[in-house]
Structures are given as C-alpha cells and as structure tokens.
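For ligands, and for the atoms within them, numbers begin at 1 and follow the listed sequence.
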Amino acid sequence: RAAAGGPGRRLLLSTPIFYANGPPHIGHLYSALLADALLRHRRLRAAGPARLCTGTDEHGLKIQQAAAAAGTSPAELCERVSGLFRQALTQAGVAYTDFTRTSEPRHRRAVSHFWGALRDGGVLYKGSYEGWYCTPEESFLPESQLAEGTDAQGRPCKVSLETGHEVHWTKEENYMFRLSAFRDPLQNWLRDNPRAIFPDPFYQCVLRWLDEDLPDLSVSRERNRLQWGIPVPSDPTQTIYVWVDALVNYLSVVGYPESHGAWWPAVHHVVGKDILKFHALYWPALLLAAGLEPPERILVHSHWTVRGQKMSKSLGNVVDPSVCVGQYGVDGFRYFLLRQGVPERDCDYYDEKVVKLVNSELADALGGLMNRSTAPSINPSNTYPRFSEACFPKVLGSEEARGTGRACVEDYKLVAAVASLPAQVDSYFEGFQIYKALECIAQCVRQTNGFFQRHKPWKLDRRDAAEQLWLDTILHVTLECLRVYGTLLQPVVPHTADKLLSRLAVGPGERDLSGLTFLARYDGKPCPFEGRQLGPDTGILFHRLGKLE
Ligand code: ME8
C-alpha cells in the first residue's frame with residue numbers, strides 16, 4: 001500500500017446507504033455533501049484515483065413494515081424511494097461514482113460470501129436470543145438503553161432511551177457473532193490508529209464503549225418474521241441481519257470477493273453519530289473476523305435539528321432538500337450546510353439563517369467584490385491588470401513591516417493571510433473540518449473587501465500614470481485573491497466557483513489546488529494571468545436571496 005496521502009494513492013469515500021423507507025431529508029443530504037466536498041477537494045489536489053459510493057439500504061423489518069403500511073410491496077417501495085435519493089443527490093450536485101442498492105444481485109452475492117467467511121472463521125454460533133427489539137433502529141437494546149414511554153394509543157410501554165421508539169420483547173433462534181472476542185483486536189486497532197475516528201470526541205466515545213460490556217451480536221432473524229432480506233446461506237429458516245447486509249455494501253461496491261483488494265482498506269466512511277457504533281465497533285470486528293482490515297477512517301458528523309427540535313415525521317418538520325435547493329440554489333444550499341454544519345455538535349436549521357448567511361457571504365462579500373473589481377468603469381480594457389512592484393514592494397520579515405510603496409501594513413497582512421490560505425484549507429479538509437476551511441475563506445474575503453474599500457480605486461484617475469499603476473496594482477491583488485477563493489471554493493460551490501474563475505479567465509487546466517499560485521509578481525516571478533483578456537461579463541455572481549414570506 002502507498003503511504004497515506006502520497007500521490008497516486010486510491011481512496012474510496014462512502015456515505016451511509018440510506019434507508020429506503022421514506023424520502024430524503026437535509027440530514028441525509030448533509031452526510032452526502034460532506035463526502036462529496038471531500039471527493040472534489042481530493043480531485044483538485046490530484047491526489048490519486050477516488051470514488052464516492054452511496055446507495056440505498058433496502059432490506060429489513062423496517063422496510064417490510066413501511067411497505068405493508070403503504071399498501072405496497074417492499075420491492076416497489078424501494079424502487080420508488082431509491083429513485084428519490086438518486087434524484088436528490090444529483091440535484092444537489094453530489095458527484096457520486098457508485099450507487100448500490102442492497103437488493104442488487106452483485107450485493108447479495110457479496111453478502112452471502114461474507115457470511116461464508118464469518119462462518120469459516122468460526123465466529124458464528126446459533127443461540128436462542130431474547131430481548132427488547134427496536135424496529136426503527138433495527139437493534140436489540142439492553143435494559144440500560146430503555147425508558148418508560150407510551151405507544152401510539154397512549155398506553156404505557158417500553159421505549160428506546162435514545163430515539164423514543166417503542167420496543168418489543170422478541171424471542172427467537174438467531175445466529176450470533178462473537179463480538180465479545182474482538183475487544184482486544186478493536187482496542188489494538190484504535191491504539192495503533194489514533195486518527196481512525198474523527199473528530200476526536202467520537203474516537204474517545206468509541207474507546208469508552210470498548211471499556212463497557214461488549215455482548216455478542218445477533219446477526220440473523222427468523223425467516224418467518226423477516227422475509228425481506230438475504231437468506232443465510234445453507235439455512236433458509238434465517239435471514240441475515242440488515243446491518244450486516246448493509247455494511248457489506250462498502251465491499252460489494254469494490255467488487256468483493258474478487259477485486260476489492262485494489263481499494264480495500266483505503267476507505268473513509270462518512271457517517272452520522274447515530275450509526276457510529278455500527279461502523280466503529282461492529283463493522284471493524286466483522287471485517288477482522290472475515291480476514292479483512294478495518295477501514296482507514298471513520299468521519300463522524302452530528303445532527304441537524306429544525307428550529308431547536310429533532311426532525312421527525314410526527315412533528316411534521318422534516319426539511320425536504322429539493323425544496324431547499326429550489327429556494328436557495330444548489331450552491332447556496334451546499335454553502336449553508338457545509339459552512340454551518342459542525343461535525344462535533346448538533347446544528348440548528350431555519351430558513352432565515354440560510355438567507356442571512358448566503359446573502360452576506362456569497363452574494364454581498366464574494367459577489368460584490370467580483371463585480372466591483374471587474375466593473376467596466378474601473379477596468380475598461382477588461383484585462384487582468386498589471387502589478388507594480390514599485391507600488392507594492394516586497395517586504396521581508398514581520399507582517400508589521402511596511403514597504404516604501406503605497407501599500408500599507410494592513411495590505412501586507414492581507415497578502416500573508418491569502419498566501420497561507422490554501423495550506424490552511426487543505427489541512428482543514430484533511431481534518432474533516434470543512435466548516436473551518438470556509439470560515440477562513442470568508443475571513444479573507446472580508447479582508448479583501450477591506451483592502452478594496454480602503455484604497456477606493458474608483459477614485460483614482462487613469463490619466464495620471466502613477467495613479468494608474470496603483471489602480472492596476474489594487475485590481476491585480478484583488479483578482480489574485482478572488483482567483484484563490486474561486487479555486488478553493490470549487491468543492492463546495494462548484495457552479496459559483498466556475499462562474500468566478502471563468503470571469504477571471506482561469507482556464508480549465510489552471511484550477512487545480514496542486515498548482516495554485518498567489519501573487520507571483522510580489523515574489524518577483526512571472527504571473528501567467530497578467531495582461532490576459534478577462535472572460536465575458538456574465539452578470540451578478542450570486543443573486544441575493546429574497547426576503548422570506
Ligand atoms: O442509518 N441530521 O440510514 P438512514 C444529520 N441505513 N444527519 C442525519 C439526520 C439529521 N437530522 N438524520 C439522519 C441508516 N442523518 C442506515 C445506514 S450504512 C451501512 C447504513 C444521517 O437513512 C444519519 O446519521 O437512517 C446517517 O448518517 C444517514 O443520515 C442515513 O440515515
């Protein structure tokens with residue numbers, strides 16, 4: 001395997017596969033957008049071949065019951081909902097390369113094979129199992145995770161402490177997986193890979209789980225209770241547990257059991273915090289048991305609430321991503337979710353917040369800067385202006401120093417901030433802190449607006465040679481900043497970034513992060529953009545969003 005982060009290294013990024021029991025909401029889209037932005041960022045760094053896999057989780061009691069309630073067959077329900085997910089992802093610009101449906105034959109084959117590997121590894125045994133089962137979570141829950149609640153008719157019943165869903169006492173013969181035997185291997189894996197689970201609070205949480213009880217896991221259901229699933233090979237009275245089935249999608253997509261070796265285990269899973277246990281305990285243990293390595297990284301995010309409340313069908317506050325994309329545009333909505341979503345903690349969604357953020361940062365700050373610095377009144381020749389070293393001489397040493405030209409201390413601070421921005425953004429993407437990368441960019445955009453405002457280039461007179469040099473230098477610096485922002489923003493707002501870069505005449509081959517330069521002339525090097533004809537004026541970069549009713 002090539003060294004981590006080295007050139008030419010392959011990487012498989014994944015989103016969770018979404019339950020096909022209901023339509024997509026913004027939480028699902030958030031999972032997918034995080035993975036999409038990571039993929040796009042990686043491609044711009046030309047870091048090696050990458051894939052982004054997603055799909056729908058179509059088996060299990062939950063789907064079987066949802067179909068029965070909707071008066072349709074599970075297959076029809078899945079077909080329809082899977083289509084909705086594809087549509088929502090495509091509409092939001094999620095550039096997935098693979099979409100797995102767990103009902104597909106290639107996936108069923110991979111799951112059957114995986115089961116065989118577990119059986120051959122001697123980690124399965126048949127046992128009588130009884131406990132409280134929560135169908136919406138598709139899990140047996142221990143007493144410590146239960147609370148007293150009420151059912152749909154208001155009668156007292158036991159519910160899941162975490163989700164409030166009713167649980168049912170269930171007793172059946174199941175195949176069990178010897179999870180309890182994997183405490184040491186899991187602890188060793190985490191000790192040797194302190195970056196395996198990001199951000200760190202989730203890593204710590206998994207370590208704590210490993211100090212607690214680690215009971216064996218029931219990995220099949222009786223066929224008479226669950227028909228909608230993959231049968232246990234050589235025991236048709238049992239159906240494979242939907243979580244084992246679903247997790248194997250990450251292998252079936254890369255051709256398990258024949259050709260997964262080209263990708264596995266260079267895998268980064270993006271998951272919500274509610275499914276961390278499945279990905280950080282069960283999945284690595286199952287992989288080890290089947291003779292495979294655990295995934296390289298698990299990137300965990302928290303949840304979106306809506307006006308302070310949990311999103312739920314019963315509250316009627318589920319936010320439909322296609323409505324949002326219609327209202328705020330693909331880029332507006334992507335920007336909002338990725339800029340405001342903080343993986344470590346839950347974030348609250350409401351419409352006014354989207355309008356305010358997108359208007360202030362995309363429309364006013366970034367769009368305004370582009371429009372003002374490329375306006376025909378200020379740049380009549382529509383060319384990438386020239387930089388004058390006399391106006392903006394290089395100063396070495398402290399940021400506090402000022403040159404002998406017309407640039408002031410604040411201007412040197414701006415140049416230093418933008419020069420270090422690409423590396424900073426890279427490291428934030430690497431650390432799964434996309435929101436911080438966007439915060440830094442927004443901060444630099446504000447500084448650049450300050451620079452423009454401070455020097456009032458519209459007041460300079462082109463007929464005076466000295467004034468013209470300074471005017472062009474101000475514009476050159478501003479366009480250089482904009483070019484860096486446009487390049488760095490591509491993974492998050494691809495359309496807006498394209499519009500900005502096209503306006504600045506940045507060609508398709510000049511948009512990579514690996515070759516990104518900034519203000520080469522300040523460093524005494526040639527600037528390939530200087531003097532170039534700018535792209536056509538295609539109007540406002542990002543239209544302000546209107547007031548909400
Ligand atoms: O869990 N905010 O599927 P799913 C943010 N099929 N993210 C949220 C969210 C919210 N309010 N609600 C859900 C499943 N999510 C399984 C996965 S993978 C082998 C199987 C996220 O459709 C959730 O955390 O219930 C998860 O990452 C994703 O949406 C899919 O949830």
With a 4.0 Å cut-off on heavy atoms, does [X] reach ligand 1?
{"X": "Trp283", "value": "no"}
{"X": "Phe278", "value": "no"}
{"X": "Lys310", "value": "no"}

Identify which one of Val425, Leu438, Thr496 satisfies the side-chain contact (heavy atoms from CB on, under 4.5 Å) criterion when paired with Leu489.
-> Leu438
Which protein heavy atom lies closest to [atom], and at what distance to 0.1 Å?
{"atom": "atom 27 (O) of ligand 1", "answer": "Gly272 N, 2.9 Å"}
{"atom": "atom 30 (C) of ligand 1", "answer": "Phe18 CD2, 3.5 Å"}
{"atom": "atom 4 (P) of ligand 1", "answer": "Tyr19 CD1, 3.7 Å"}
{"atom": "atom 1 (O) of ligand 1", "answer": "Ile275 CG2, 3.4 Å"}
{"atom": "atom 29 (O) of ligand 1", "answer": "His28 CD2, 3.3 Å"}
{"atom": "atom 19 (C) of ligand 1", "answer": "Tyr250 OH, 3.5 Å"}
{"atom": "atom 17 (C) of ligand 1", "answer": "Ile17 O, 3.2 Å"}
{"atom": "atom 2 (N) of ligand 1", "answer": "Trp304 N, 2.9 Å"}

Can the ring centroids of [X] and [Y] be said to lie less than 6.0 angstrom from one another?
{"X": "His279", "Y": "Tyr250", "result": "yes"}
{"X": "Phe18", "Y": "Phe85", "result": "yes"}
{"X": "Trp115", "Y": "Tyr175", "result": "yes"}
{"X": "Tyr30", "Y": "Trp304", "result": "yes"}
{"X": "Tyr349", "Y": "Phe336", "result": "yes"}
{"X": "Phe182", "Y": "Phe177", "result": "yes"}

Atoms in ligand 1 flagged as close to [X], the criterion being non-hydrogen separation under 4.0 Å:
{"X": "His25", "result": "9 (C), 12 (N), 13 (C)"}
{"X": "Gly27", "result": "2 (N), 5 (C), 7 (N), 8 (C), 9 (C), 10 (C)"}
{"X": "His301", "result": "5 (C), 7 (N)"}

side-chain hydrogen bond (donor to acceptor under 3.5 Å, both in side chains) partner of Asp346, chosen from His301, Lys310, Lys273 | Lys273
If hydrogens are left out, which of Pro16, Ser302, Pro136 has an atom nearest to atom 28 (C) of ligand 1, that is, the closest non-hydrogen atom?
-> Pro16
Working to the nearest 0.5 Å, report the span between NE2 of His165 and OG of Ser312.
-> 8.0 Å
Counting heavy atoms only, which part of Met311 comes closer than 4.0 Å to ligand 1: side chain, backbone, both or neither?
-> side chain
More than 12 foreign heavy atoms under 6.0 Å from OH of Tyr125: is that the case here?
-> yes
Ligand 1 N/O within reach of Asp57 N/O, cut-off under 3.5 Å | yes
Heteroatom distance test (Asp274, ligand 1): nitrogen or oxygen, under 3.5 angstrom | yes
Which of these, Lys436, Arg297, Arg42, sits in a salt bridge (charged side-chain N to carboxylate O under 4.0 Å, His left out) with Glu430?
-> Arg297
